[in-house]
Structure formats: structure tokens, C-alpha cells
Amino acid sequence: MSKFKEVIEKLKAADISVADFAYEELPCNIEDYPEAVEAQRIRQEFRDNPNNKDEKGSWLPGKFDEYRALPSEYDIARECLKKSLGLVWKEVAQYGGEGQGDTWYSVKYFPDLDLYIKVDGYYQSYCGTEFFGWEQSCSEVRPVEKTITVYE
């Protein structure tokens, strides 16, 4: 079985939909990952710390930026889920959405496997992006450099 097919089968077995994979909205429960629970606790403590806000409850200068820089418990849970599947990937390209026609795609790179997977969708303003199943929406791709000529 090819690396591409193995990855798709692992994602299917984990009950991850094509849309969840494409949008990085992996279904996970932060309580399942101690690292995510700890991140949630740290963020809550920061929010509750009276030294970070003024008497009206507004963030003091620079404190909101510090809060935003703290790792999100949801991002950590997603990364933990990826690792539990034995799959680590990052999005390297995305195109589409409002004002860009009906084309929508995302390219994921799996560095441990040197594998690129493109997820194709179809964008419509009245219902967002639709996907047509793993076999129809996903394909193995490789980066290719092209030279084009334009006239200005």
C-alpha cells in the first residue's frame, strides 16, 4: 500500500472527515490530552489575574498580546491527536473562498513521509466549501516550479 493510501486510511479510521482534515478542525476533546488541559489552566489563570487588567476589566497595554501568544488548548489537542495517529503534517498552501471563484484547495505536507496531499473542494457563496469524499477530494501531489511569462 502506498504512503498516500496509508495516510488516508489512518484518517478515515480515526473518524476524521475530509472537511475536518481540509480545515484543520480535527475532532478532539482537550480533556484527553494533559498538555491541552495544562494550557487551558494557564490561559484561564492569565485571564483571571487582576494584574493584567485595569479596574474596568480592560486589558492593560501589552497584556492582551501576551495572552494571545499563549498556546491554545485546542491547537495543542489537535497536535496531540496528530501525533497519536502517528501523523504529523502542516498546511503549506491554501486557495479559494469568497471572491476567488469556485476553486478551493489545501495542500498538506507530511515531513516524516515526504508526502504532499492536496484536498480539493468546490466553493459556493451560499453554502461554503463542499467536499466529495476522500477518494474524490484527495490526491498525492508534488511541488513543481514553473516559469510563466506575463506582459505588463
Could I get the full list of side-chain hydrogen bond (donor to acceptor under 3.5 Å, both in side chains) partners for [X], not counting sequence neighbours?
{"X": "Q40", "answer": "none"}
{"X": "Q136", "answer": "none"}
{"X": "S137", "answer": "none"}
{"X": "W134", "answer": "none"}

Among Ile, Leu, Val, Met, Phe, Trp and Tyr joined by side-chain contacts under 4.5 Å, find the other residues sharing a cluster with [X] and list them by chain and number.
{"X": "F132", "answer": "Y122"}
{"X": "W59", "answer": "I42, F46, F64, Y67, L70"}
{"X": "I76", "answer": "none"}

Can you measure from [atom1] ([X]) to [atom2] ([Y]) and round to the nearest 0.5 angstrom?
{"X": "E91", "Y": "I117", "atom1": "CD", "atom2": "CD1", "answer": "13.0 Å"}
{"X": "D120", "Y": "T129", "atom1": "CG", "atom2": "OG1", "answer": "11.0 Å"}
{"X": "C138", "Y": "F4", "atom1": "SG", "atom2": "CZ", "answer": "6.0 Å"}
{"X": "L11", "Y": "L87", "atom1": "CG", "atom2": "CG", "answer": "6.0 Å"}

Would you give me the side-chain donor-acceptor pairs under 3.5 Å for residues 79-86, sequence neighbours excluded?
from: E79; atom 1: OE2; to: K82; atom 2: NZ; distance (Å): 3.1
from: K82; atom 1: NZ; to: E24; atom 2: OE1; distance (Å): 3.3
from: K82; atom 1: NZ; to: W89; atom 2: O; distance (Å): 3.0
from: S84; atom 1: OG; to: L81; atom 2: O; distance (Å): 2.7

Would you say the side-chain atoms of K108 pair up with the backbone N or O of F21, donor to acceptor, closer than 3.5 Å? yes
Sub-4.5 Å side-chain heavy-atom contact between V119 and F131: yes
Does any part of the side chain of V92, heavy atoms only, come nearer than 4.5 Å to the side chain of Y116, both counted from C-beta? yes
Show the nearest heavy-atom pair for residues [X] and [Y], with the distance to one decimal.
{"X": "A39", "Y": "P71", "value": "CB-O, 3.9 Å"}
{"X": "A22", "Y": "S106", "value": "O-OG, 3.9 Å"}
{"X": "G96", "Y": "W104", "value": "C-CD1, 3.7 Å"}

Scan residues 55-64 for pairs that pass salt bridge (charged side-chain N to carboxylate O under 4.0 Å, His left out), counting only residues two or more places apart or in two chains. K63-E66
Please determine whether the number of non-hydrogen atoms from other residues, nucleotides or ligands lying under 6.0 Å from atom [atom1] of [X] exceeds 12.
{"X": "D15", "atom1": "CG", "result": "no"}
{"X": "K90", "atom1": "NZ", "result": "no"}
{"X": "Y74", "atom1": "OH", "result": "no"}

Enumerate donor-acceptor pairs with a distance under 3.5 Å from any side-chain N or O in residues 139-152 to protein atoms, sequence neighbours excluded.
from: R142; atom 1: NH1; to: D114; atom 2: O; distance (Å): 2.9
from: R142; atom 1: NH2; to: D114; atom 2: OD2; distance (Å): 3.2

May I ask you to decide whether K3 forms a salt bridge with E6, counting only side-chain N to carboxylate O separations under 4.0 Å? no
Going by atom type alone, with no hydrogens or angles, which donor-acceptor pairs under 3.5 Å involve a side-chain atom of residues 25-37 and a protein atom two or more places apart or on another chain?
from: N29; atom 1: OD1; to: E31; atom 2: N; distance (Å): 3.2

Can a donor-acceptor pair be found between the side chains of Q44 and R41 at a distance below 3.5 Å? no
ring-ring contact (aromatic ring centres under 6.0 Å, His included) partners for Y105, two or more places apart: Y95
